[in-house]
4 protein chains.
Amino acid sequence: MFFASDNSGPVHPKIMQRVMEANSGYAMPYGNDDIMDEVRSGIRETFEAPDAAVYLVATGTAANALALACYTQPWQTIFCAQHSHIEEDECNAPEFYAGGAKLTLVPTDDKMTPEGLSNAIARRAGRNVHIAQAGPVSITQTTEFGGVHTLEELRALTAVAKAADLPVHLDGARFANALVKLGCTPAEMTWKSGVDVVSFGGTKNGCMGVEAVIFFDPQKAWEFELRRKRGAHLFSKHRYLSAQMAAYLEDSLWQDMARSANSVCARLAKGLTTAGAELINTPDANIIFTRFPRAVHQKLHADGAKYYVLDGDYTSGPADEMLGARLVCDWSMTDELVDQFLSHF
Amino acid sequence: MFFASDNSGPVHPKIMQRVMEANSGYAMPYGNDDIMDEVRSGIRETFEAPDAAVYLVATGTAANALALACYTQPWQTIFCAQHSHIEEDECNAPEFYAGGAKLTLVPTDDKMTPEGLSNAIARRAGRNVHIAQAGPVSITQTTEFGGVHTLEELRALTAVAKAADLPVHLDGARFANALVKLGCTPAEMTWKSGVDVVSFGGTKNGCMGVEAVIFFDPQKAWEFELRRKRGAHLFSKHRYLSAQMAAYLEDSLWQDMARSANSVCARLAKGLTTAGAELINTPDANIIFTRFPRAVHQKLHADGAKYYVLDGDYTSGPADEMLGARLVCDWSMTDELVDQFLSHF
Amino acid sequence: MFFASDNSGPVHPKIMQRVMEANSGYAMPYGNDDIMDEVRSGIRETFEAPDAAVYLVATGTAANALALACYTQPWQTIFCAQHSHIEEDECNAPEFYAGGAKLTLVPTDDKMTPEGLSNAIARRAGRNVHIAQAGPVSITQTTEFGGVHTLEELRALTAVAKAADLPVHLDGARFANALVKLGCTPAEMTWKSGVDVVSFGGTKNGCMGVEAVIFFDPQKAWEFELRRKRGAHLFSKHRYLSAQMAAYLEDSLWQDMARSANSVCARLAKGLTTAGAELINTPDANIIFTRFPRAVHQKLHADGAKYYVLDGDYTSGPADEMLGARLVCDWSMTDELVDQFLSHF
Amino acid sequence: MFFASDNSGPVHPKIMQRVMEANSGYAMPYGNDDIMDEVRSGIRETFEAPDAAVYLVATGTAANALALACYTQPWQTIFCAQHSHIEEDECNAPEFYAGGAKLTLVPTDDKMTPEGLSNAIARRAGRNVHIAQAGPVSITQTTEFGGVHTLEELRALTAVAKAADLPVHLDGARFANALVKLGCTPAEMTWKSGVDVVSFGGTKNGCMGVEAVIFFDPQKAWEFELRRKRGAHLFSKHRYLSAQMAAYLEDSLWQDMARSANSVCARLAKGLTTAGAELINTPDANIIFTRFPRAVHQKLHADGAKYYVLDGDYTSGPADEMLGARLVCDWSMTDELVDQFLSHF
């Protein structure tokens with residue numbers, strides 16, 4: 001019953017199989033391997049973007065920080081939601097890669113609103129040498145709180161960015177979970193909605209450690225290659241990154257895994273509601289924030305459940321006090337484990 | 001007949017096997033996996049360093065840049081050999097990670113001499129706010145030209161560093177190849193010889209992509225962890241890094257692979273000499289720099305050999321003109337392929 | 001009637017006189033001039049801090065950014081008020097000098113509250129490699145909105161910092177205006193209240209361009225010297241910085257000028273209130289935020305008054321609509337000019 | 001008898017006079033003062049460059065580091081002479097401002113040769129992501145060893161840069177001394193010879209602390225303004241920088257001062273030769289490197305002479321041993337002091 005994160009589960013067997021198959025003979029290093037050609041074509045096709053520049057790195061933070069750095073001058077500021085991953089979970093990596101740029105936080109509990117974004121940008125506007133200059137807008141899809149922007153919501157945000165002539169980055173560490181929720185195409189959720197560059201996550205969704213950075217305008221390609229190398233993120237034995245991504249793309253495995261994760265998550269959400277737990281967020285994808293009595297937390301932990309308890313100590317205190325929990329389902333989570341979890345309510 | 005680099009060969013089956021075995025159920029992320037405990041113990045034992053701080057990253061450039069950054073202030077300079085990897089092949093990664101520090105190049109064709117190092121340090125000495133301040137000394141073992149410092153040579157260099165109160169980093173991308181050449185212990189080639197931190201390479205020697213950074217003084221441990229995260233080099237699914245390193249260490253597989261690589265390289269060097277080729281370097285480990293006629297280059301390429309031709313175009317020109325070659329043997333190179341290579345002379 | 005800023009007025013004649021007197025013969029460069037000895041002694045005496053390390057730079061942004069950088073690691077965050085100068089008016093200079101560190105904004109209209117600061121720090125606490133680590137607290141005295149922290153308020157903030165083991169920086173661009181308001185000693189407003197390093201401003205208070213950075217713990221002295229040089233802020237002909245600061249200190253000229261500025265500002269505030277204008281802030285020192293009808297703005301501008309009109313266009317619109325204004329008085333402002341200003345109401 | 005540097009002498013009275021005259025009433029801050037308009041026009045006229053972007057900063061290191069940063073990406077390398085000021089005397093400021101870029105040193109005793117520069121560039125050429133990418137070429141005129149490039153020499157160097165499509169920076173801390181030596185126009189020594197941006201020094205040549213950065217192509221203007229602010233080099237009371245530069249330009253005062261400095265330097269060089277001292281460099285401008293007996297050093301120091309003794313301790317050792325000296329003449333040096341100096345031989 002591991003609900004602590006989607007970064008801790010196993011790699012999908014098909015992906016592991018492809019990594020093993022790649023392990024034969026010599027291969028050109030540094031992204032010049034044949035499998036990367038397959039990946040590049042596959043992503044271009046998947047995103048209906050024949051000119052896109054496509055690169056692989058091994059961590060989501062690398063994907064975000066390098067992608068953003070290509071669009072951020074050191075005297076600029078990146079706009080993002082108050083509780084985004086780039087603000088709260090990357091130990092200043094975006095600032096590091098962007099040479100000392102700033103993050104401007106748009107106040108929100110979850111998704112940015114167009115008004116919030118617009119106000120934040122307005123405060124950095126005008127030809128004023130004293131202030132941090134307006135830089136890219138970074139949107140997270142799925143958000144850290146499990147929310148999925150509708151296409152309308154996405155487009156409303158990118159419209160604000162475009163009106164200020166700012167580029168748009170999409171942090172897609174959980175891109176797949178959002179996509180299957182929306183039932184749209186990858187193109188619709190990215191360039192057709194005004195996204196310039198996307199971190200297309202694989203690691204949280206069944207890969208070993210691989211993320212694609214996709215530039216819909218290939219103008220930044222060479223700069224990215226230099227930044228990736230300078231950041232020490234260019235793999236010599238690159239084929240093992242390529243192999244993961246190739247298998248991930250094949251027969252839409254990435255969507256199947258996300259669909260499975262979302263599905264068990266929905267079952268869990270429904271079960272929690274039925275059992276009287278309070279849902280704090282809208283579990284659009286594979287993350288639930290919920291609240292239930294300490295006694296249940298204790299039973300769950302006694303049975304070996306793993307997840308983050310929020311706002312307090314579950315081990316001691318009134319049995320009926322409500323304590324929060326974050327529950328994340330990855331591709332490998334099963335209905336059986338969900339039901340076992342729910343059996344403790 | 002792939003002699004282009006030791007970064008392009010396959011992963012050793014035992015390592016791949018261990019990666020697959022690790023792919024079961026959930027594991028704690030970010031280096032808190034159980035296999036990392038095994039790796040930590042294994043490295044401490046291997047290096048006779050019970051207090052060492054041990055970390056894994058996926059690229060050699062990350063290992064070097066992060067290790068050096070822990071010992072370098074932005075206003076300092078790192079001392080290294082003129083043609084070291086950190087100067088010539090890392091696209092300013094050391095400068096990036098060290099916040100804009102400088103590299104001071106000790107003039108040499110291959111290994112630094114104590115005199116050269118001492119002179120370089122002397123020019124950065126004294127309480128003078130105008131100059132780059134003296135920072136760490138970085139030694140490469142095996143060097144980029146295939147040379148291996150004897151323990152005496154190593155100690156002579158670290159003595160110069162210590163006399164100036166400077167820390168010492170060892171770039172050990174080909175640590176194993178040097179160690180088996182010297183027939184000494186890992187402790188002798190590192191902390192017993194005055195090394196403070198080592199990049200202990202795995203990638204070039206049969207791993208998929210893993211390098212250990214080993215601090216013999218654990219004081220820098222927490223800073224390294226923060227720098228690694230900030231540099232986007234902390235893996236969530238860390239167990240797959242751990243698994244590689246665990247298999248690498250087990251039963252001294254790493255030494256076996258290096259011994260094999262060095263052995264076929266020696267066979268190649270001997271064969272080249274016999275065949276009348278000129279050896280440019282002393283092939284202490286698994287790299288040969290040599291020179292032989294264009295006609296032979298042409299025959300080799302016609303037969304599918306892959307390696308770097310130096311100083312010229314092998315496809316056209318006088319048949320008997322001597323052209324250089326860099327030939328690198330990895331763990332998977334065989335006597336048979338070496339003999340096939342030599343058959344063209 | 002120049003009320004736009006205190007960075008635009010003339011230099012006090014005594015300061016200019018001292019600069020001219022310094023212009024004789026040769027002087028040791030780079031801060032080794034004799035006048036700097038006088039400055040160092042003067043500041044140590046003024047602040048009752050015989051061991052303080054004292055340095056001069058030419059701009060307030062340099063003083064802040066360099067002082068903070070000495071206490072901030074690149075993976076840390078500086079805590080400051082939401083609308084502080086280092087956040088809003090320094091174009092990422094603090095981030096630049098601190099190697100890509102972050103600023104965490106404590107929500108407030110003006111002064112930070114201990115609760116606000118405490119909450120902000122709490123969110124960066126714990127041994128968690130993923131988050132920006134807690135770094136120094138920067139307090140502005142006088143604030144950007146003209147507020148002066150009482151000693152009790154200052155100590156409440158520094159107590160929060162100390163409880164979290166964080167160093168404290170005081171941005172004292174308008175240090176003098178606050179001091180004469182409080183009627184306390186420089187020691188009381190700094191190290192006796194828990195401040196570790198202060199930017200002691202001169203430029204806004206009658207100097208040409210000089211700020212002192214004062215470290216009450218001299219441990220950071222050499223690092224500051226290197227950072228100042230690396231930042232290109234070490235003056236060769238340093239005596240002209242020293243001369244300004246020497247004259248500024250002599251016979252407490254700095255306090256006399258601040259007293260004068262505060263006094264005319266109080267006269268202006270009183271006059272505005274009498275005239276029916278609305279005061280938005282509490283004009284503790286030399287800055288007023290106020291609101292009065294457009295018609296008055298128009299009359300003032302017609303008479304040549306210079307100041308920032310806030311939230312709108314004063315040139316067109318209803319005559320009785322209230323529009324904001326920021327009015328700043330420097331040392332050279334006179335009662336006569338204030339009365340002339342008020343005569344338009 | 002102060003020959004230690006040209007950074008330690010007094011400010012020319014006409015410049016000081018202009019600073020005092022500027023000290024009246026209010027002036028627009030941050031470079032928007034009226035005197036700056038005069039400076040801008042004056043420099044454009046002086047350099048026959050009606051479109052040039054012109055900025056002032058207070059130190060030579062700031063001028064160099066900011067100018068270079070506008071032309072250098074963090075993954076690039078600046079090419080410069082081995083013993084240039086930016087390499088040896090700026091404590092990594094160029095690396096800091098250029099975000100961690102590298103300096104590649106062209107081996108030379110003094111001036112770069114076209115061959116040396118060309119070889120250095122060749123080693124950074126080609127589309128190779130692993131190496132530092134070729135960036136700007138920085139030429140020093142007058143060099144640190146007192147040499148002045150002829151226009152032919154300058155053009156030969158810039159031709160090498162242009163052939164590789166690299167921009168050219170001129171470190172003109174002693175621009176004036178070189179110009180009057182060559183007897184050419186400022187345009188000829190800069191843009192007509194292929195220079196893109198120049199640090200036009202004032203501080204070493206009679207100013208208090210001011211350097212102009214002149215971009216002949218104004219495309220970099222806004223970036224420079226942002227970098228200057230972010231670097232904390234934008235002065236609020238900018239008029240006092242402007243006043244210095246205005247007086248410096250007026251009636252070619254800058255050339256008069258340089259001519260005087262060069263002239264007394266030539267007198268000193270001639271006198272030294274006559275007296276049997278050995279000249280080490282060719283004293284084209286206002287700097288002499290020479291060698292004479294320890295006994296003379298002792299007499300000079302006994303008489304209060306100030307200068308750098310090179311390669312040894314003048315206070316003890318054989319009286320006839322030859323020891324080096326660096327002698328620098330500034331605008332205020334006189335024939336009388338030179339003769340007094342020479343009288344000790």
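Residue numbering restarts at 1 for every chain, and letters A, B, ... go by the order of the sequence lines. A quick note: this is a predicted structure, and the numbers were derived from the prediction, not measured.
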| said: Tell me if the centroids of the rings in D:F3 and D:Y308 come within less than 6.0 Å of each other. | reply: no
| query | Within 45° of the six-membered ring axis of C:Y26 and under 6.0 Å from that ring's centre, is NZ or CZ of D:K306 located there? | reply | no
Check each atom of [X] against the heavy atoms of chain C and say whether the ones under 4.5 Å are side chain, backbone, both or neither.
X	answer
D:M208	both
D:H238	neither
D:F2	both
D:N32	neither

| Residue among D:S24, D:A4, D:C207, D:S5 with most heavy-atom pairs under 4.5 Å to chain C | D:C207
| request: Report the option among D:A232, D:G231, D:C91 that has the most heavy-atom pairs separated by less than 4.5 Å from atoms of chain C. | output: D:A232
| request: Identify which part of C:V19 has an atom lying under 4.5 Å from any heavy atom of chain D, answering side chain, backbone, both or neither. | output: both
Kindly compute the distance separating [atom1] ([X]) from [atom2] ([Y]), expressed to the nearest 0.5 Å.
X	Y	atom1	atom2	value
C:I214	C:L170	CD1	CG	10.0 Å
C:R239	C:L241	CZ	CG	12.0 Å
C:D6	C:T203	CG	OG1	10.0 Å

| Parallel, tilted or perpendicular: ring planes of D:Y97 versus D:H233, cut at 30 and 60 degrees | tilted
| task | For the pair D:Y307 and D:H301, name the ring-plane relationship: parallel under 30°, tilted 30 to 60°, perpendicular over 60°. | result | tilted
Pair [X] + [Y]: basic N to acidic O under 4.0 Å:
X	Y	value
D:E250	D:R18	yes
D:E225	D:K229	no
C:E144	C:R326	no

| note | Heavy-atom closest pair (C:I287 atom, C:G146 atom, distance to 0.1 Å) is CB-CA, 3.9 Å
Please determine, among [options], the option with the most heavy-atom pairs under 4.5 Å with chain D.
options	answer
C:G9, C:P94, C:A22	C:G9
C:G60, C:G25, C:P10	C:P10
C:F96, C:Y30, C:Y240	C:F96

| field | Members of residues 328-341 of chain C whose heavy atoms come closer than 4.5 Å to chain D | value | C:D330, C:S332, C:M333
| field | Heavy-atom donor-acceptor pair, D:S236 side chain to D:P29 backbone, under 3.5 Å | value | no
| message | Please determine whether the number of non-hydrogen atoms from other residues, nucleotides or ligands lying under 6.0 Å from atom CE of C:M20 exceeds 12. | response | yes
| query | Regarding C:D303 and C:H344, is there a side-chain donor-to-acceptor distance under 3.5 Å anywhere? | reply | yes
| remark: Within residues 61-70 of chain D, the residues sitting under 4.5 Å from chain C by heavy atom, in sequence order, are D:T61, D:A62
